[in-house]
Amino acid sequence: MDWIHVRLDGPGGIAVEQQLKSVYISGMDFEPEERRQRILPDGMLEIYNRKSPYMVHAKMNLPLYGNIWVMAHNQGEGYTGDFVDFVSEAVRTYLYEADRLSQGLELSAQARGHLDAAREYEHLADRGVDTPENRLYALSHAVYAAEMALLERSQKQLREAPRRDLKLGCNFFKYSSPNARYAKYFKEVFDFATLPFYPRDTVPEKGKYEYGYIEHALSFLQENHITPKGHPLWFGHSEVNPEWLKKLSYEELKGQAREIALHHVSAYRGRVSIWDAMNEAHDWANCFELNQDQLTELTRICCDALKEADPKAESVVNVCLPFAEYVAGRYNCYGSLPEKLTSPLAYFRNLEEKEIAFDTVGIQLYFPARDMVALSRLLDAFKQLGKPIHITEMGANGGVRSLTQAGAGSSWSQLNMSEGIWHEGWGERTQADWMEYMYTILAARDEIKALTWWDFIEPSFFGNGAFLYENEIPREIFFRLKALKANITGASRRGPDREAADGQN
């Protein structure tokens, strides 16, 4: 199979050019095909494909929902032919997901309403009644129905099997004192904290290590029984590396990567037992412009050094952009492009093939402009790696009520893929809703052992994504998570007597 044809309708007919150009193909594991396409005179899209079976993805505006990537996967079987009527097939996809996920459940009235609406709009479209518009309304309601079925299934799972073992965390980068509201609010919602070991700050000069902030923050975490994690032993982003490191040859870099990892882990052996051993080494953050073989070798060096310094420590290998749209679009954060870009999943499979030992898969999930069902299916693919999973960084837009930032979002290219609208628009309420959906659905997955939000206070990496404003006043998301924790851990159903008994065990 070489070229296939995709029809993508918008309101009133063929979709606009921008949406047509967004279309790409992936395997059933979400591994993208590099996008090569042309728009034919009749508006049909011709796109190159070598995968079979395959899925189709398009970035669309859905009425009553927002702007997201939509998938069509032929009811989980994938496509093998050379034509896909995308919107019609996407409706079938999400109705299938809603039916599959609702088996054995008594759906809420809201979920049933979306499901009934999707089927009625599909019926009207099939009968020729305002077909393009009604097909889009059918798709919107089908996505809502599938998401709600997944949410309600996850809620049921957590009621039956609470996750008292799940770590709930955030980065802990701006601690000042135990009397600050920052500290008070952090310990109320989190039992897991990521500490900054960026070499720009911890190794500003060769051989010179500075741990002033680490010691200051770690004392608070230990006093409050909050588990610390070191982040990262290696991260090839220009902004977090000192100038002296950027001047080294690759052979010298390898030696320094090992030296830095050994020093960090040895210095905190017994105090920090979880480490992001490698961060974003899949052709994304690569200021040293290393090839994939070199990045893989650096991963081995850092993971091995960690275990050499502390055999009991947990090594996390962390990736970003798990849907890998950058592979389809052929771009990266900066620097030269390799002949073939590597997705996060392909990077992990390469580590397996090279027998590089690490403990945990780390995945960043800043709002990826995807619905929750697509996220769940993607995690099914990562689950096949057979390792525990940490969601190491996540975030969503909390609106524009910021004291210093002019607007929502970030100009960073990593977050361009997070530009989208979920459930009709971002604000404090929608951000809290997204977090509740995400945490509930993720907590119901046994392979996921930790959830880490990024950041705790503005200004945030995501842009208006933090739990606290700059003046340490909480957003709604803080109160939502504080209440949600009881549902995740089962504390709300144990009661005081049960809590006391558990504390004696």
Side-chain angles (χ1 to χ4, degrees), residues 29-30 154 157-158 160-171 190-195 197 226-235 261 265 268-269 272-282 296 299-300 302-307 309-323 343-366 368 372 375-394 438-454 485 488-490:
D29 56 1
F30 290 87
S154 300
Q157 288 175 249
L158 290 172
E160 295 171 352
R163 290 294 308 278
R164 297 187 64 194
D165 64 317
L166 183 68
K167 294 181 176 69
L168 298 178
C170 195
N171 58 343
F190 297 122
D191 57 18
F192 189 44
T194 301
L195 291 173
F197 279 81
I226 297 171
T227 302
K229 180 182 78 167
H231 169 86
L233 296 183
W234 185 267
F235 181 20
V265 180
Y268 287 93
R269 179 172 176 169
V272 178
S273 299
I274 305 174
W275 294 87
D276 287 334
M278 177 56 74
N279 195 47
E280 301 178 18
H282 46 92
T296 300
T299 304
R300 184 194 300 277
C302 291
C303 290
D304 288 353
L306 185 155
K307 291 296 185 180
D310 186 355
K312 295 181 179 179
E314 179 178 356
S315 55
V316 182
V317 173
N318 190 27
V319 298
C320 65
L321 298 171
F323 284 96
S343 74
L345 189 57
Y347 167 70
F348 278 124
R349 287 170 173 166
N350 186 38
L351 299 187
E352 281 188 325
E353 184 179 327
K354 299 290 178 62
E355 298 184 341
I356 294 175
F358 66 99
D359 299 312
T360 301
V361 169
I363 303 173
Q364 299 176 26
L365 278 179
Y366 295 102
M372 299 292 172
L375 281 167
S376 183
R377 277 196 168 268
L378 174 75
L379 289 170
D380 289 342
F382 279 91
K383 183 179 180 178
Q384 296 306 308
L385 296 169
K387 292 182 180 291
I389 294 175
H390 284 194
I391 305 303
T392 51
E393 300 177 32
M394 59 198 305
M438 282 291 287
Y439 275 48
T440 302
I441 290 165
L442 295 170
R445 301 182 66 103
D446 290 340
E447 75 275 13
I448 293 180
K449 307 300 182 183
L451 304 178
T452 293
W453 194 268
W454 210 274
K485 277 180 66 177
I488 291 173
T489 64

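Just so you know, these numbers come straight off a predicted model, no measurement behind them.
- For the pair P344/I363, no side-chain contact is recorded, criterion being any heavy-atom separation below 4.5 Å from C-beta on.
- Shortest non-hydrogen contact noted between S154 and I441 is OG-CA, 3.6 Å.
- How far CD1 of I226 is from CG of L168: 11.5 Å, rounded to the nearest 0.5 Å.
- Using a 4.5 Å cut-off on side-chain heavy atoms (C-beta onward), Y268 and L195 make no contact.
- The side-chain heavy atoms of T452 and E393, taken from C-beta on, include no pair separated by under 4.5 Å.
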Q: Given side-chain contact (heavy atoms from CB on, under 4.5 Å), test F348 with V319 step by step and report yes or no.
A: CA-CA 9 Å; F348 278 124; V319 298; 3.6 Å; yes
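- With a 4.5 Å cut-off on side-chain heavy atoms, C302 and W275 do not count as touching.
- You'll find the side chain of L351 stays beyond 4.5 Å of the side chain of E353, heavy atoms only.
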Q: Under the side-chain contact (heavy atoms from CB on, under 4.5 Å) rule, what do F382 and E447 come out as? Steps first, then yes or no, please.
A: CA-CA 10 Å; F382 279 91; E447 75 275 13; over 6 Å; no
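- Between L442 and M394, the closest side-chain pair of non-hydrogen atoms falls below 4.5 Å.
- Using a 4.5 Å cut-off on side-chain heavy atoms (C-beta onward), N318 and H231 make contact.
- A salt bridge does not link K449 to D359: none of the charged side-chain nitrogens sits closer than 4.0 Å to a carboxylate oxygen.
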Q: Apply side-chain contact (heavy atoms from CB on, under 4.5 Å) to N279 and T392, showing your working.
A: CA-CA 10 Å; N279 195 47; T392 51; 6.0 Å; no
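- Put simply, the side chain of M278 does not reach to within 4.5 Å of the side chain of S315, judged on heavy atoms.
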Q: Using the salt bridge (charged side-chain N to carboxylate O under 4.0 Å, His left out) rule, take K383 and D446 through it: C-alpha gap first, then chi angles, then the decisive distance, then the call.
A: CA-CA 10 Å; K383 183 179 180 178; D446 290 340; over 6 Å; no
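- By the 30° and 60° cut-offs, the orientation of the rings of F192 relative to H390 is perpendicular.
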